[in-house]
Amino acid sequence: MRIPLIAGNWKMHKTVAEAIALVEALLRGLGETSDREVLVCPPFTALHALEPILRGRPIALGAQDVFYEAQGAYTGAISPLMLRDVGCTYAIVGHSERRAIFGEDDALTNRKLRAALSHGLRAILCVGETLAERDAGETEMVLRRQVRWALEGVQDVGGLVIAYEPVWAIGTGDTATPEDAQAMHATIRQMLSELYSVEAAAQVRIQYGGSVKPDNVDELMAQPDIDGALVGGASLTAESFLRIVGFR
Ligand code: PGA
């Protein structure tokens, strides 16, 4: 049984005070969560302040990125050890904004993913095609490349979550149809069963991301291979994120 994971990726939003106010509102409004897992990924600067508020509560803490070394002369980087130290249990790797804006490639994503897993973080690996790649009929090829590269040298997918996020759907209001998303999720699961085993692939949660909103979450979550959502814009207010977390 895969428990759906609903994650908020706050991106570069929220001061510490705003972050505290948002998680307090989420904790107040959160209903029964035994059949789903809830995660917030605030900016690095808010993690330390949120850890004591979330300790023992039904919302996990994650980071939006992680570096691949534990320590050293890497100006500006944050290590998996540091993330563990401030209470993170998850880290996002390979988000399309990291790939497009910060020039991160599949090899770097692979190093980050392996570092996260080896330090006991769960990793949310983001994959997805651009509009040009989709229009050229290359979606499956792109996903295959991203998944295979990112998982190179990874023996155990126990701590792995994959987020399928078509780049053209991120922040645009355009969502993949539930049927299209389901087809891509099934394709990714098939890739995992080729790389590992059918049993291992069946355990990996595959989230959908890209303009997930209160009014489209229910039909997306009804698909058999969609195991949660990675939510950007709609995770920034308690009202919309709680509605998404409460999907039926
Ligand atoms: P969005 O972002 O929900 O604002 O489209 C999703 C993401 O980038 O993870």
Side-chain angles (χ1 to χ4, degrees), residues 4-14 18-19 22 26 36-44 46-47 59-66 88-104 109 112-113 116 121-131 133-134 139 142-143 146-147 150 160-178 180-182 184-185 188 204-221 223 226-247:
L5 173 64
I6 306 294
N9 170 12
W10 296 2
K11 308 191 180 183
M12 199 173 70
H13 294 283
K14 307 291 179 189
E18 289 166 347
L22 178 51
L26 291 175
R36 59 203 64 194
E37 193 181 339
V38 185
L39 167 69
V40 291
C41 299
F44 290 131
L47 294 172
I59 300 179
L61 191 60
Q64 299 171 20
D65 185 33
V66 59
C88 288
T89 50
Y90 282 88
I92 298 172
V93 294
H95 190 278
S96 65
E97 286 151 17
R98 300 297 317 176
R99 295 177 192 258
I101 302 168
F102 300 94
E104 298 190 3
T109 301
K112 291 181 169 193
L113 179 77
L121 289 163
R122 294 179 183 190
I124 300 180
L125 166 66
C126 299
V127 296
E129 80 286 1
T130 64
L131 189 57
E133 289 163 343
R134 186 181 187 83
T139 299
V142 168
L143 295 180
Q146 291 176 335
V147 168
L160 178 73
V161 176
I162 293 183
Y164 169 59
E165 300 204 301
V167 178
W168 48 269
I170 294 177
T172 57
D174 276 346
T175 329
T177 64
D180 278 356
Q182 163 58 29
M184 288 307 123
H185 283 231
I188 292 168
V204 175
R205 289 177 292 181
I206 306 177
Q207 298 177 300
Y208 173 79
S211 297
V212 175
K213 302 281 183 246
D215 62 5
N216 61 23
V217 65
D218 293 333
E219 45 179 7
L220 286 163
M221 292 308 122
Q223 302 298 318
I226 300 186
D227 311 313
L230 184 54
V231 186
S235 71
L236 294 174
T237 67
E239 189 193 7
S240 65
F241 191 58
L242 285 170
R243 169 62 187 87
I244 290 170
V245 166
F247 74 88

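We count ligands from 1, going down the list as the structure has it; atoms in each ligand are counted the same way. Only a predicted model underlies this, so the values are computations on that prediction, with no experimental measurement involved.
By the 4.0 Å heavy-atom criterion, Gly210 is counted among the residues contacting ligand 1. For the ligand labelled ligand 1, residue Gly209 lies outside the 4.0 Å heavy-atom shell. The shortest separation from a heavy atom of Ser235 to ligand 1 is not under 4.0 Å, leaving the residue out of contact.
Residues forming a salt bridge (Lys or Arg N to Asp or Glu O under 4.0 Å) with Lys11 (at least two apart in sequence, or on another chain): Glu97.
Those atoms of ligand 1 that come under 4.0 Å of a heavy atom in Asn9, given as number and element, are 9 (O). Taking every non-hydrogen atom of Gly233 and a distance limit under 4.0 Å, the qualifying atoms of ligand 1 come out as 1 (P), 3 (O), 4 (O). Within ligand 1, the atoms closer than 4.0 Å to a non-hydrogen atom of Gly171 are 1 (P), 4 (O), 5 (O), numbered from 1 in the order shown. Applying the 4.0 Å criterion to heavy atoms of His95 picks out, from ligand 1, the atoms 7 (C), 8 (O), 9 (O). Taking every non-hydrogen atom of Ala169 and a distance limit under 4.0 Å, the qualifying atoms of ligand 1 come out as 5 (O). Less than 4.0 angstrom separates some heavy atom of Leu230 from each of these atoms of ligand 1: 6 (C), 9 (O). Atoms of ligand 1 found under 4.0 Å from any heavy atom of Glu165 (numbered from 1 in listed order, with element): 6 (C), 7 (C), 8 (O), 9 (O).
Close N/O approach between Lys213 and ligand 1 is not found [any backbone or side-chain N/O within under 3.5 Å].
Side chain of Tyr208 to main chain of Met221: no donor-acceptor pair is present (N/O by atom type, distance under 3.5 Å, no hydrogens or angles). Asp227 places a side-chain N or O within 3.5 Å of a backbone atom of Ile206 that can act as its donor or acceptor partner. In this structure, Gln207 contributes its side chain and Leu5 its backbone to a donor-acceptor pair below 3.5 Å. Not one N or O on the side chain of Gln146 forms a donor-acceptor pair closer than 3.5 Å with the backbone of Leu143.
For atom 2 (O) of ligand 1, the nearest protein heavy atom (residue, atom name, distance) is Lys11 NZ, 3.3 Å. For atom 3 (O) of ligand 1, the closest non-hydrogen atom of the protein is Gly232 N, 2.8 Å.
Between Ser235 and Ile244 there is no side-chain heavy-atom pair separated by less than 4.5 Å. You'll find the side chain of Lys112 reaches within 4.5 Å of the side chain of Glu104, heavy atoms only.
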In sequence, state the C-alpha distance, the side-chain angles, and the governing distance for Trp168 and Glu129, and then conclude on side-chain hydrogen bond (donor to acceptor under 3.5 Å, both in side chains). CA-CA 8 Å; Trp168 48 269; Glu129 80 286 1; 3.0 Å; yes
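Around the CD atom of Glu18, the shell of radius 6.0 Å holds more than 12 heavy atoms that belong to other residues, nucleotides or ligands.
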